[in-house]
Visitor: 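Encoded as structure tokens, here's the structure I'll be asking about.
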Number of protein chains: 2
Amino acid sequence: MSQRTRLTPEQRREQLLDLGIRLFANHSLDEISIDVVAREAGISRGLLYHYFGDKMAFREAVVRRAADALVAQTAPPEAGDPVERLLASMTAYVDFVDANYEGYVSMVRGAASDPVLRAIYDEAFGALGARIFEADVDFVADTAAARLIVRGWQAMSEELVLSWKADSAGLSREELLGVLAGSLPVLLELLGPGSGSGSGSAVTRRS
Amino acid sequence: MSQRTRLTPEQRREQLLDLGIRLFANHSLDEISIDVVAREAGISRGLLYHYFGDKMAFREAVVRRAADALVAQTAPPEAGDPVERLLASMTAYVDFVDANYEGYVSMVRGAASDPVLRAIYDEAFGALGARIFEADVDFVADTAAARLIVRGWQAMSEELVLSWKADSAGLSREELLGVLAGSLPVLLELLGPGSGSGSGSAVTRRS
DNA sequence: CCATCCTATTGACACCTGTTCAATAAGCAA
DNA sequence: TTGCTTATTGAACAGGTGTCAATAGGATGG
């Protein structure tokens, strides 16, 4: 590695972030030394510090990149009724986890271990949740309790998709999506009758 | 700290595990150096290695202690119908998180960051889930899909309880328990009619 | 084609943290 | 008090993090 290759800052940064996502997906954050990242990228340790200043800052940048990709790639459609939009958004979510599994896992892993990374994670999921409901107020009343339920529902969705990827348990992708999209209305109804429109139950029917 | 105090191995081990739970609850695993643990406990670094051999082994022991406490303190009642037992078990769960918040958080944090710690976490939650349903087969058919749903429901429950502790969002403890216990039957019904008994819907009523 | 400049990149260095191990001393028994 | 067991220590080593002046790739102007 005595031959140094000079890239533009953008190229180098992209390379390092992509590498970070790949590495952080399979190993825990503190298992990966700066040496490993540098060796894998074919650069010196110093260059990593030049671009990110800090090991923590590097992890933060990697997690932020994964979070941004999640938000960008799960944009819901503008049109359609609430139920359809919810289903479309969940489909995009499942597809994202399927396609960017490594990046998603590194975001989740990071979120649990550090408050700063947790904040990035929360911001991304807050955006996901808000995006679905802010335009469709009649689907669910925007109360603190409802937001709490949505939060729990998101945690369930994440666990279900990740577990389903590991072992589908006989469920097809469509059946999984039916459970994910169908669960939110019935969960919100648990808060008490009158909080949501009755149309939500339409999703609970099986194909 | 030149004055050394000699304890029995059991006392010392207890002291260090308790301290570990307190520390790991508020800081991420790699933020806590052996020096900090040793200084906080008033002992030398070497003694920690004498008792746990390894930093990783220490973290594992701390997480295992928290997991054991969870399983022990949430034992459900022997008698009662499925719905009552589920509610009792969830009550014990909420109470545990309330009383042992630090230990619970350190278990959750650890589980996400390391496969070994994750295995301990999974084992504890697998025991929790199995305990509720293995004796009440008619409450839910024991299929792979149902187990997947239970897994997701547990993730949701965890998120709800932790978020609720941070901000109750206007929900009383009883209302939270109603959502937790009431959500499992309706979620299982999403898998398709006929999987569960209709009695589950009784829980969904509001007080 | 060559000289020059900018800056991406490096390598050596200081510091901190995990880990080992022979030496030490606290408490108990005789 | 003396001796013994072993809980406990502190110094030494290895490896990783973070710093900075020195180096060299490659584009630019002549």
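Numbered from 1 within each chain, the chains take letters A, B, ... in sequence-line order.
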Visitor: Compare the minimum distances between each of D:dT17, C:dT20, C:dT9 and the side chain of A:Ile34, then state the nucleotide with the smallest one.
Guide: D:dT17
Visitor: Output the single nucleotide from C:dG18, C:dT9, D:dA7 whose closest atom is nearest the side chain of A:Leu7.
Guide: C:dT9
Visitor: May I have the distance from B:Arg13 (atom CZ) to D:dA7 (atom P), rounded to whole angstrom?
Guide: 13 Å
Visitor: With a 4.0 Å cut-off, would you call B:Arg59 and B:Asp54 a salt bridge?
Guide: no
Visitor: Once you round it to whole Å, what is the distance between C1' of C:dG11 and CZ of A:Arg39?
Guide: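 In whole Å, C:dG11 C1' lies 15 Å from A:Arg39 CZ.
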Visitor: For the pair B:Asp95 and B:Arg173, evaluate salt bridge (charged side-chain N to carboxylate O under 4.0 Å, His left out) and give the outcome as yes or no after the intermediate values.
Guide: CA-CA 10 Å; B:Asp95 288 346; B:Arg173 181 170 161 280; 3.0 Å; yes
Visitor: Taking the side chain as everything from C-beta on, heavy atoms only, tell me whether A:Leu148 gets closer than 4.5 Å to B:Trp164.
Guide: yes
Visitor: Looking only at side-chain N and O atoms, does B:Tyr49 come under 4.0 Å of OP1 or OP2 in D:dT8?
Guide: no
Visitor: Could you tell me how far apart B:Gln15 (CD) and D:dT8 (C1') are, to the nearest whole angstrom?
Guide: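 Going from CD in B:Gln15 over to C1' in D:dT8 covers 13 Å.
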Visitor: At 4.0 Å (heavy atoms only), tell me whether A:Arg45 reaches a base, stays on the sugar-phosphate, or touches nothing.
Guide: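 If one applies the 4.0 Å heavy-atom cut-off, A:Arg45 turns out to touch a base.
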Visitor: Under 3.5 Å, is there an N or O donor on one side and an acceptor on the other linking the side chain of B:Arg4 and the base of C:dT24?
Guide: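 In this structure, the two groups form a donor-acceptor pair.
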Visitor: Confirm from the modelled atom types if B:Arg12 and D:dT8 form a donor-acceptor pair under 3.5 Å, side chain to base only.
Guide: no
Visitor: Choosing from D:dG25, C:dG18, C:dA12, which nucleotide comes nearest the side chain of B:Asp35?
Guide: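 Of all the options, the side chain of B:Asp35 is nearest to C:dG18.
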Visitor: Can you label the angle between the B:Phe58 ring and the B:Phe24 ring as parallel, tilted or perpendicular, going by 30° and 60°?
Guide: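 Tilted: the ring planes of B:Phe58 and B:Phe24 meet at 30° to 60°.
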Visitor: From CD1 of A:Ile43 over to C1' of D:dG25, roughly how many Å is that when rounded to an integer?
Guide: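 In whole Å, D:dG25 C1' lies 16 Å from A:Ile43 CD1.
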Visitor: Rounded to whole angstrom units, what separation is found between the CG atom of B:Leu48 and the P atom of C:dT20?
Guide: 13 Å
Visitor: Just to be sure I understand the rule, does A:Thr5 reach a base, reach only the sugar-phosphate, or reach nothing, if contact means heavy atoms closer than 4.0 Å?
Guide: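 Sugar-phosphate contact only.
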Visitor: What integer distance in Å separates B:Arg6:CZ from D:dC4:C1'?
Guide: 10 Å
Visitor: Applying a 4.0 Å non-hydrogen cut-off, can you work out what A:Phe52 is touching in the nucleic acid: base, sugar-phosphate, or nothing?
Guide: nothing
Visitor: Find the distance A:His50:NE2 to D:dA21:C1' and express it as a whole number of Å.
Guide: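 Whole-Å distance recorded here is 14 Å.
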Visitor: What's the spacing between A:Arg13 CZ and A:Leu7 CG if we round to 0.5 Å?
Guide: 14.0 Å
Visitor: For the side chain of B:Lys55, starting at C-beta, report the closest nucleotide among C:dG18, D:dG10, C:dT9.
Guide: C:dG18
Visitor: Using atom OH of B:Tyr51 as one end and atom P of C:dG18 as the other, report the distance to the nearest whole Å.
Guide: 20 Å
Visitor: What's B:Ser33 touching, base or sugar-phosphate or nothing? Going by heavy atoms closer than 4.0 Å.
Guide: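 Counting heavy atoms under 4.0 Å across all strands, the contact made by B:Ser33 is with sugar-phosphate only.
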